Amino acid sequence: MHAPGDADLHRSADADLRALAVQLRRMNGEINRVVHGFAATQGLHATDVQALAAILDAEEPLTPGRLREHLGLTSGAVTACLDRLERAGHVRRSRDSADRRVVHLHYVNDAQRTARAFFRPLAAAATEARTGFTDAELTVVVRFLTTLNAELATARNQAPGETARTGLKGP
């Protein structure tokens, strides 16, 4: 048996969750518009920009195999993506000095400058949005987003019927 206020708390939590989902979708949409714009100006696919972000954000140089796992693509699709990125001057491949079979992926410095210039309005918007929050609040926001991203990665990896190629559930 629930106390009289429990239903109100449940409705409030549901409303908060819906509001959060709406805001996350809106943010995702805005970021996707910028990403697609960058991809178009560079003659790339949106997936290529995702690959660039993964290469940039990696704590150590990615290999094509780790990039494939991260993006959920086939080996052939990753090869085509890397070929486009290399031709466009965004990525270079290098062989590991200890094991020549291992290829590392590097984001080219000049290409990083091009990307930074394009994404500067996005960075400015984030900087402006931050001004309304204390450092403690921002710490909580970063912790929440880190936890959410980890949970989403776990969910993606455990989803029944998921295909390795697309990351989408099958029919």
Side-chain angles (χ1 to χ4, degrees), residues 1-42 44-60 62-78 80-81 85 90 105 107 112 115-171:
M1 189 122 201
H2 296 288
D6 285 352
D8 292 335
L9 287 175
H10 186 67
R11 276 194 291 276
S12 177
D14 286 348
D16 288 347
L17 185 57
R18 279 193 297 280
L20 177 64
V22 166
Q23 293 307 316
L24 287 172
R25 281 191 298 270
R26 286 182 179 169
M27 181 182 69
N28 186 53
E30 292 300 328
I31 291 171
N32 279 339
R33 280 186 266 292
V34 175
V35 166
H36 282 83
F38 178 74
T41 65
Q42 299 297 305
L44 301 172
H45 299 274
T47 302
D48 300 343
V49 181
Q50 289 178 336
L52 284 174
I55 293 166
L56 180 64
D57 293 344
E59 293 179 15
E60 57 189 43
L62 282 181
T63 63
R66 287 189 26 236
L67 182 62
R68 180 190 59 74
E69 290 170 7
H70 178 78
L71 296 176
L73 299 173
T74 64
S75 295
V78 167
C81 170
L85 290 171
H90 287 276
L105 306 172
Y107 203 148
Q112 283 185 18
R116 266 192 227 109
F118 190 91
F119 288 100
R120 191 166 287 125
L122 184 61
T127 299
E128 181 61 29
R130 288 184 62 206
T131 63
F133 295 89
T134 66
D135 288 345
E137 289 171 322
L138 289 170
T139 298
V140 171
V141 169
V142 169
R143 193 176 98 227
F144 169 77
L145 292 173
T146 301
T147 302
L148 178 59
N149 283 325
E151 290 294 328
L152 291 171
T154 298
R156 178 187 68 220
N157 292 332
Q158 294 176 350
E162 181 179 75
T163 62
R165 191 180 135 278
T166 64
L168 301 174
K169 288 189 176 190

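Everything quoted here is computed from the prediction, not taken from an experiment.
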**Study point:** Short side-chain to backbone donor-acceptor contact, H36 and N32, under 3.5 Å
**Key:** yes
Practice item. Give a yes or no on this: more than 12 heavy atoms of other residues, nucleotides or ligands lie within 6.0 Å of atom CG of D135. Key: no
Exercise for review: List the atom of A46, the atom of V35, and the distance in Å for their closest heavy-atom pair.
Suggested key: O-CG1, 4.5 Å
Check your understanding: Side chain of N28, backbone of L24: donor and acceptor closer than 3.5 Å?
Key -> no
Point to revise | From CE (M27) to CG (L145), nearest 0.5 Å | key: 6.0 Å
Check your understanding: Has F144 got more than 12 heavy atoms of other residues, nucleotides or ligands less than 6.0 Å from its CZ?
Key -> yes
Point to revise | H90 and L44, any side-chain heavy atoms less than 4.5 Å apart | key: yes
Review point. Do you know the tightest heavy-atom contact between T74 and R68?
Key: C-CD, 3.8 Å
**Study point:** Ionic contact status for R66 with E69, cut-off 4.0 Å
**Key:** no
Check your understanding: What's the spacing between Y107 OH and L62 CG if we round to 0.5 Å?
Key -> 13.0 Å
**Study point:** Rounded distance (nearest 0.5 Å) linking atom CZ of R120 with atom CZ of R116
**Key:** 9.0 Å
Practice item. Under the side-chain contact (heavy atoms from CB on, under 4.5 Å) rule, what do F38 and L122 come out as? Steps first, then yes or no, please. Key: CA-CA 12 Å; F38 178 74; L122 184 61; over 6 Å; no
Practice item. Provide the closest heavy-atom pair for A117 versus P121 in the form atom of the first, atom of the second, distance. Key: O-CD, 4.1 Å
Practice item. Please determine which of L85, T47, L105 meets the side-chain contact (heavy atoms from CB on, under 4.5 Å) test together with L52. Key: L85
